[in-house]
Structure formats: structure tokens, C-alpha cells
Amino acid sequence: SDLGFHEMETSAGGRAVRRLRSKAATPGKTVVLSIDIVLQKLVEDLFGDRRGAMVAIEPHTGEVLAFVSKPTFDPNLFVDGIDPNSWNELRNSPDRPMLNRALAGTYPPGSTFKPFMALAALTYGKRTPQQGISDPGYFWLGNHQFRDDAVHGHGWVDMYKSIVVSCDTYYYVLANDLGIESIAKFMSQLGFGSRTGIDLTGEASGTLPSREWKKKRFGRDWFAGETVSVSIGQGYNAYTPLQLASATATLANDGLMFRPHVVDYIEDVRTKARTLVEPKPLRNLGWNPEHIAVIKRAMVRSEEHTSELQSRGLISY
């Protein structure tokens, strides 16, 4: 687009005398987003006054349907220059409303990491879906005990059940068998620890831990106990909600990864011609369809299981 202008001759008192020349403004192009405004509003309303973030992605295209960071602020405050009081209030708020949590906030993924751990085990041949453990509620590594949130354990746990009931002990044992380098290799393919390349500025890269990363970051060697913590999405893991949403969308799309994007198409205001943001796969991770089916089925049942516990008042959010 081009800016228009009027060049005017004025008197010494500042009164316009005559127009010397002018140029009409050329309108810019219209940018149309992929955001589903109904879904966006629903999520924002559900968050209320709570802090958090949520990203919803269409797995088959990478289109971002909802992109929420709460609490937020009114951008109109900056249009004519923000006043000092408003600026100090935003800058000093403990809620950090100016932080785009979905894009730049990095957090341990917790149990949402477990399905990817399970898929890594299947992909690298470290587990079959039928293999399981007898979970006593803890795992010993050397003289350190790693506990599960179920004090007495979950009994016999195979891969399916490990995801449904979110069994920590299963992943403690698995992590010890996989090793941190295999975990880091698998997770890097999913985009953990690197920017997705979304068409927004300010994206954080997060942290995907590995032996090399720790050596560079702290100058110290990796310990086996740190791998155990990584396995349940804790420890040094730190990812953006966007990264987690992108990885989950890739899993839902059977390993075909798309770059997340919020621009749907650009329209010329004069000709009405549209330039679509065509979805082009970044890569196909080549996972075994049978492996993916196991993980998906367990994730669906996990959601049902969580809803059942919530309805019985055994867990709350």
C-alpha cells in the first residue's frame, strides 16, 4: 500500500492558503486469519481471570483455529501513545499480561509428554504395546526412589494403560531403557526445543534437554536420574504451548507435519483476488500406522478416564 498526502501552502499564521499537490492513498491488502472467532471467544471466556494459554490447530493444514494467552491487555492503549500509569500497571503486574504465553512462555509439558515417549519406544523397538510392568508405585534408580502419584501403584500396566491412567512408574522404567539421546532425537523431529516458524514474531524456542545441551549450558555431565525426570515431562523440559499443540497435531495427522499459521489468505481490495496460504507439509515422520493407532486409542480413553474421575470429584482443575 502507498500512503496518500496533501501538500499545502500556509500563511505565517498557519492558515491553509492553497493545495500545491496531492496523491490519493492506495489501499493495502486485506489479511484474513484462520482463527475461528467463536472458538476463540469460547476459550477466552472459559479461562476467565485465570492465567494460561491454549492453542488449537487443524492437523491437516496447520491452520491455527484458536490462539489464547491470558490475561491479556487492550492494544488500543498503545494507539495514541500509552500513558505512564497504564504502562507501569502493565509492566509491573504479577500476571504479566504482556507476555504471550502461547508463543513465548516455556513450561514443562508434564504428562502430555507421555504419549510421545510411548511412540518413541514403539518406533525404536524398545517396547511392544503388550509389554508391561507391575507398578508398585515407585521406581528405584541407585539409591534414589522416584514415586508415582498413586501411592500403591497401578498394578499391571501395559502401554495402553500407562497413557490412560498416566502411570509415572511405567515411564521411569522406559526412560532408563531408552536413554536421553534417543528421547532427544525423537522429540526433536516433532519440533520440541525449536521454533515452529509460525507467521508471528516473538516465538520462543524452548529447551529440549540432551547430554550435549547440558554440557553447553552447565558444563556438567548428564545423570541417569535426570532422564527419569524428563520421561514424565519434568526436569529440564521447557516448551511453548504452541510447540506442544504442533506436536499433538502431527500425532493426530499420523506423522505428517505442517507449519502452524494464522494467515488463511490475503485479498486484494481492488481486484478481490485471493492469495491462499497453501498448506505444504514440512515432513513426514514415517511412523508405523499400527503404532499410531495404539497411542491415539489410549489418548481418547485417557480423556474419558479423566472426565470420569472429575465427575466423581476425585480430581479437580
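Note that the numbering runs from 1 along the sequence shown for the chain.
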Worksheet item: Tyr171 pairs by side-chain contact (heavy atoms from CB on, under 4.5 Å) with which of Asp148, Leu178, Val228, Ile163?
Response: Ile163
Practice prompt. Before accepting this row, confirm whether a basic side-chain N of the pair Asp254/Lys296 lies closer than 4.0 Å to the acidic partner's carboxylate O.
Written response: yes
Discussion item. Angle between ring planes, Tyr172 versus Phe146, binned at 30° and 60°: parallel, tilted or perpendicular?
Written reply: tilted
Worksheet, complete the sentence: The reported gap from CG in Leu190 to CG in Leu208 (rounded to nearest 0.5 angstrom) is 10.0 Å
Worksheet entry | Salt-bridge contact Glu212-Lys216 (side-chain N to carboxylate O under 4.0 Å) | yes
Item to complete: Can you see which heavy atom on Pro281 is nearest to which on Leu256, and at what distance?
Response: CB-CD1, 3.7 Å
Worksheet item: Does Asp268 pair with Arg274 as a salt bridge, N-O distance under 4.0 Å?
Response: no
Worksheet item: Taking atom types as modelled and ignoring hydrogens, do the side chains of Ser34 and Asp264 form a donor-acceptor contact shorter than 3.5 angstrom?
Response: no
Discussion item. Could you measure the distance from the CG atom of Leu90 to the CG atom of Asp95? Nearest 0.5 Å is fine.
Written reply: 11.0 Å
Discussion item. Applying side-chain contact (heavy atoms from CB on, under 4.5 Å) to Val230 and Ile183, what does each step give before you reach the verdict?
Written reply: CA-CA 9 Å; Val230 165; Ile183 295 172; 4.3 Å; yes
Item to complete: Would you tell me whether Ser111 and Ser166 have side-chain atoms, one donor and one acceptor, within less than 3.5 Å of each other?
Response: yes
Discussion item. Under a plain distance cut-off of 3.5 Å, with no hydrogens placed, do Glu203 and Thr196 share a side-chain donor-acceptor pair?
Written reply: yes
Worksheet entry | Qualifying ring-ring contact (aromatic ring centres under 6.0 Å, His included) pairs, either residue in residues 188-224, two or more places apart | Phe113-Phe192, Phe116-Phe192, Phe192-Tyr239, Trp213-Phe218, Trp213-Tyr236, Phe218-Tyr236, Trp222-Tyr236
Worksheet item: Are Asp199 and Arg259 close enough, and set up right, to give a salt bridge (charged side-chain N to carboxylate O under 4.0 Å, His left out), and what steps lead you there?
Response: CA-CA 9 Å; Asp199 47 358; Arg259 191 186 311 280; over 6 Å; no
Discussion item. Per the ring-ring contact (aromatic ring centres under 6.0 Å, His included) rule, what does the pair list look like for residues 251-282, sequence neighbours excluded?
Written reply: none
Worksheet item: Any side-chain donor paired with an acceptor under 3.5 Å for Asp83 and Ser86?
Response: yes
Practice prompt. Considering only NZ, NE, NH1 and NH2 on the basic side and carboxylate oxygens on the acidic side, decide whether Asp221 and Lys215 come within less than 4.0 Å.
Written response: yes
Worksheet entry | Which residues share a side chain to side chain donor-acceptor pair (under 3.5 Å) with Arg91, sequence neighbours left out | Asn88
Worksheet item: Can Lys70 and Asp49 be said to form a salt bridge (charged side-chain N to carboxylate O under 4.0 Å, His left out), step by step?
Response: CA-CA 8 Å; Lys70 296 283 285 185; Asp49 295 330; over 6 Å; no
Practice prompt. Verify the neighbour count for atom CD of Glu181: are there more than 12 heavy atoms of other residues, nucleotides or ligands below 6.0 Å?
Written response: yes
Fill in: Interatomic spacing from CD in Glu226 to OG in Ser231 - rounded to 0.5 Å
12.5 Å
Worksheet item: Taking the side chain from Glu267 and the backbone from Lys29, do they hold a donor-acceptor pair closer than 3.5 Å?
Response: no
Practice prompt. For the residue pair Gln131 and Asp158, establish whether any side-chain heavy-atom pair is separated by less than 4.5 Å.
Written response: no
Worksheet item: Is it true that Asp45 and Lys41 have a side-chain N and a carboxylate O under 4.0 angstrom from each other?
Response: yes
Worksheet item: Say you draw a straight line from OH of Tyr170 to CE of Met159; how long is it, rounded to the nearest 0.5 Å?
Response: 3.5 Å
